[in-house]
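Input: a single structure, listed below in structure tokens.
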Amino acid sequence: MPRPSANRVHSGTMFGSRTDIGCVREHNEDSLVVAPPLYAVADGMGGHAAGEVASEVAVRSLAENAPSTVDSEGLGNAVMTANYAVINAAQEKGRNGMGTTMTAALLERDKLAIAQVGDSRAYLLHQGTLQQITRDHSLMADMIEAGEITPEEARVHPQRSVITRALGSDPDMQPDLYEINVSAGDRLLLCSDGLTTMLEDSEIEKILIRTRDPQRCASILVNEAIAAGGHDNVTVIVVDVEGDRERQVKKTKRKGRAWAVVIVLALIATVLGVCYGAYTYTQSTAYLADENGKVAVYQGVPDTVLGISLSHLDHVTDVNVDDLQPGVSARLKEGVIRADSLDAANSLVDGYQEDFAAGKKPTAEAEQLDASTDAAASSSSADASAGSTSSAQGGTLQ
Ligand code: MG
């Protein structure tokens, strides 16, 4: 019979196992097989020697006949073959009543198949929650399902060890079969009733969650069952599911690509947002400039970025630059006069034209403009909007 060694990694799984006689029994009638992808627990019955033989014959037959891939039907056939092997062994030894449970699992990547007979169990720890996969073939399970007793009452019921299906007696015995998709990080537990009669599922769950190493986990589970009384032989197999590595790698790559796309799109959106904000700001301002001797109104700012102009000509007025007050005229010839908005720039021109209509050149007040700050421009532009004349020449010299 294959026996477990220390933890080993095989086919993307890591496992641990342990079996113990317990505190009361004189013999260990449990057997187990750990031969990845095959894992199984068998709990023999029939008295001294018979139980040990039954479970050992069963797991040996199972190991010889189980498929090497996750195939629930093939696993079920192997369990039925083991059933015949136990029946034959019982007849050869003249031991009627010799039998065994069998909880067998095939686990590879993200596929799990289970064949179940009796009251040994398979559990799956998934995302921190322990779920019993198999249904017990026992009188207690039947009575609980019928609502006749509670699980707590079953735990101390005098007939709690009566099982309703086993290997070794009925040639037509059929195992229950399960096929389950599992995920990386899941943990499979196979155990005999020596564990589940001693520990509550919640206690088992806590140990499975907090003990990372599967071999240490299996040992702790057995130790706790013994500490709780060890009334029966106790056998535990813990198998960690690593899942489909190729799928995991592809999934990780897909996630990485998706994140890269998101980051690039976010950067593009940020750059576009900044550019749009800057462009919007520049287009909210205006300035006056000398356009072939005429005062021209531009929208934007008199700058370029990467060779791209940040302004465009709105219109050329009929105001001659040379007709303006000398200081203003000189500024336009040397640079531009900024305004807070297109309206403010037009108001400046209106002021010039009103001065001309009144028969005078724009006053020297224009020369008092403080061309050093935008604040000055803003203040003067506000005056311009209010209809002032020469004082409306608010702006900053560029
Ligand atoms: Mg037992």
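This is a predicted model, so every value here is computed, not measured. We number each residue from 1, following the sequence as shown. Ligands are counted one by one from 1 in listed order, and the atoms in each one are counted from 1 as well.
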> Which residue pairs pass the salt bridge (charged side-chain N to carboxylate O under 4.0 Å, His left out) test when at least one of the two sits in residues 160-173, sequence neighbours left out?
Replying inline: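 Listed by first then second residue: Arg165-Asp176.
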> Under the salt bridge (charged side-chain N to carboxylate O under 4.0 Å, His left out) test, which residues partner Asp142, sequence neighbours left out?
Replying inline: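 Per chain and number, Asp142 pairs via salt bridge (charged side-chain N to carboxylate O under 4.0 Å, His left out) with Arg135.
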> Cut-off 3.5 Å, side chains only: do Tyr123 and Asp201 have a donor facing an acceptor?
Replying inline: yes
> In a check of side chain to side chain donor-acceptor pair (under 3.5 Å) between Tyr298 and each of His315, Glu291, Arg338, which one passes?
Replying inline: Glu291
> Any side-chain hydrogen bond (donor to acceptor under 3.5 Å, both in side chains) pairs touching residues 79-89, not counting sequence neighbours?
Replying inline: none
> Mind counting the protein N, O or S atoms sitting less than 2.8 Å from the Mg ion (ligand 1)?
Replying inline: 3
> Under 4.0 Å between a Lys/Arg side-chain N and an Asp/Glu carboxylate O for Arg187 and Asp240?
Replying inline: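 Salt bridge flag = yes for Asp240 with Arg187.
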